[in-house]
Structures are given as structure tokens and as C-alpha cells.
Amino acid sequence: MTNHIRSWLFLGSMSILFVIGLATAINLSNETKNVLKLVSINKQEQDRTTYTDLKIPEQSVIFSSEVALTIAQIPDTHIDVEVNGILFSKTLEFEDIDLTKVPSDKKFIANYERNTAGEITKVKYTAQ
């Protein structure tokens, strides 16, 4: 009789394990199907023929006060500054800087010169 009960318990536990395995397989199959569907939708939404035009940024207008501030910072930055052809060397000391050469009523456009490492070595301000 115990042999009969053992076989029924074994059969019942194996049936439960089979049902759990089957449910897990069905769930995994559904999840895989959903993921593949999302990937397909995302690939369809990628438009490889989209083009954009990059605008060249306009040169910003710089006021004379900003130019004067740049010149005053020469001892800290060690950058040559040229304003309308007048060169303020990077070796100038703060006491040697003469800001009266900068016209206070004009606006300027800046052009930057860089070395091979990409560091700014000279700033040229041209009045408008």
C-alpha cells in the first residue's frame, strides 16, 4: 500500500513540475515575442534618409568693455590680444596695460588663432 501512495505522490509532484515548466516556457515565449516586436517597431521608426542642415553660428558682437576685460586678463591667460591692429603682447604686466587704445564706442568681432594642440594663442578683435 505504501508503494502505491509513493507512486501517486511521485506522479503528482512530477505533474506539478511539468505544469510549472510548461508555464515558464509559455511565459518566456511570450516575452521573447514582445521583445522582438518592440525591436521590429524601433527598426521601422529609424529613418536613415533624414538629413539636417547645420547652421554656421553667427559671429557674436563683442562690446569694448569685454575687449578691455580680455586685455586686463593678459597676465593670467598669457594670450596675445590684437585690437584693430594694435598688439597687446602676452608678456605685458598688469601695470603696463594701456586701455585707452581701445575705442570705447565700438563693437568688435573676435577671431581666434590656435596652436597645433588647439589652445588659443591670439585673439584678434576687429571693429565693426
Side-chain angles (χ1 to χ4, degrees):
M1 176 108 167
T2 37
N3 197 11
H4 222 34
I5 294 173
R6 275 190 188 161
S7 62
W8 279 108
L9 285 175
F10 180 74
L11 183 63
S13 61
M14 287 300 123
S15 298
I16 290 172
L17 285 176
F18 177 74
V19 170
I20 291 173
L22 185 63
T24 304
I26 291 171
N27 188 24
L28 182 63
S29 173
N30 287 337
E31 290 297 320
T32 304
K33 183 174 68 172
N34 290 339
V35 168
L36 290 175
K37 187 185 214 181
L38 286 173
V39 168
S40 174
I41 289 170
N42 284 339
K43 278 197 164 205
Q44 289 173 358
E45 289 177 356
Q46 291 177 349
D47 187 5
R48 303 279 186 207
T49 60
T50 303
Y51 297 99
T52 59
D53 294 329
L54 298 177
K55 295 173 68 177
I56 298 174
E58 296 178 10
Q59 289 185 333
S60 61
V61 176
I62 299 170
F63 294 98
S64 58
S65 59
E66 296 173 59
V67 174
L69 181 61
T70 304
I71 294 169
Q73 293 175 346
I74 285 177
D76 297 330
T77 59
H78 303 290
I79 296 174
D80 290 330
V81 178
E82 183 178 320
V83 180
N84 288 336
I86 301 170
L87 180 66
F88 294 90
S89 175
K90 61 184 165 190
T91 58
L92 283 176
E93 294 297 324
F94 186 75
E95 297 82 22
D96 300 332
I97 297 174
D98 182 19
L99 294 177
T100 59
K101 296 177 183 176
V102 178
S104 61
D105 59 342
K106 295 195 178 191
K107 296 177 184 175
F108 297 90
I109 294 177
N111 291 314
Y112 304 97
E113 290 183 8
R114 299 178 184 268
N115 61 11
T116 56
E119 300 168 340
I120 296 175
T121 57
K122 187 175 188 180
V123 180
K124 290 183 179 181
Y125 291 106
T126 310
Q128 284 187 329

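Note that CD1 of Ile79 and CD1 of Ile74 are 9.0 Å apart. Values are rounded to the nearest 0.5 Å. Taking CD1 of Ile62 as the reference point, atom NZ of Lys107 lies at 12.5 Å (rounded to 0.5 Å). The distance from atom CG of Leu69 to atom OG of Ser64, rounded to the nearest 0.5 Å, is 11.5 Å. With rounding to the nearest 0.5 Å, the separation of NZ in Lys124 from CD in Glu113 is 4.5 Å. The structure places OG1 of Thr77 at 10.5 Å from CD1 of Ile71, a figure rounded to the nearest 0.5 Å. Separation of atoms CD1 (Ile26) and CG (Leu22) is listed at 4.0 Å; rounding is to 0.5 Å.
Nearest heavy atoms, Ala110 versus Val123: CB-CG1, 4.4 Å.
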Q. Is there a side chain to side chain contact (heavy atoms under 4.5 Å, CB included) between Phe18 and Met14 once you walk through the steps?
A. CA-CA 6 Å; Phe18 177 74; Met14 287 300 123; over 6 Å; no

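At least one side-chain heavy atom of Val67 sits under 4.5 Å from a side-chain heavy atom of Val83.
With hydrophobic clusters built from ILVMFWY side chains whose heavy atoms lie under 4.5 angstrom apart, Ile20 does not share a cluster with Leu28.
With sequence neighbours left out, the side chain to side chain contact (heavy atoms under 4.5 Å, CB included) criterion links Asp98 to Thr100, Lys101. For Lys122, the salt bridge (charged side-chain N to carboxylate O under 4.0 Å, His left out) partners are Glu82, not counting sequence neighbours.
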Show me the donor-acceptor pairs within less than 3.5 Å that the side chains of residues 85-96 make with the rest of the protein, sequence neighbours left out.
unit_1: Ser89; atom_1: OG; unit_2: Thr91; atom_2: N; d: 3.3
unit_1: Ser89; atom_1: OG; unit_2: Thr91; atom_2: OG1; d: 3.1

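Salt-bridge formation is not detected for the pair Arg114/Glu119: no Lys NZ or Arg NE/NH1/NH2 atom is positioned less than 4.0 Å from an Asp or Glu carboxylate oxygen.
Using modelled atom types, one finds a donor on one side chain and an acceptor on the other under 3.5 Å when comparing Thr70 with Tyr125.
Remark: side-chain polar atoms of Ser15 are paired, donor with acceptor, to backbone N or O of Leu11 under 3.5 angstrom.
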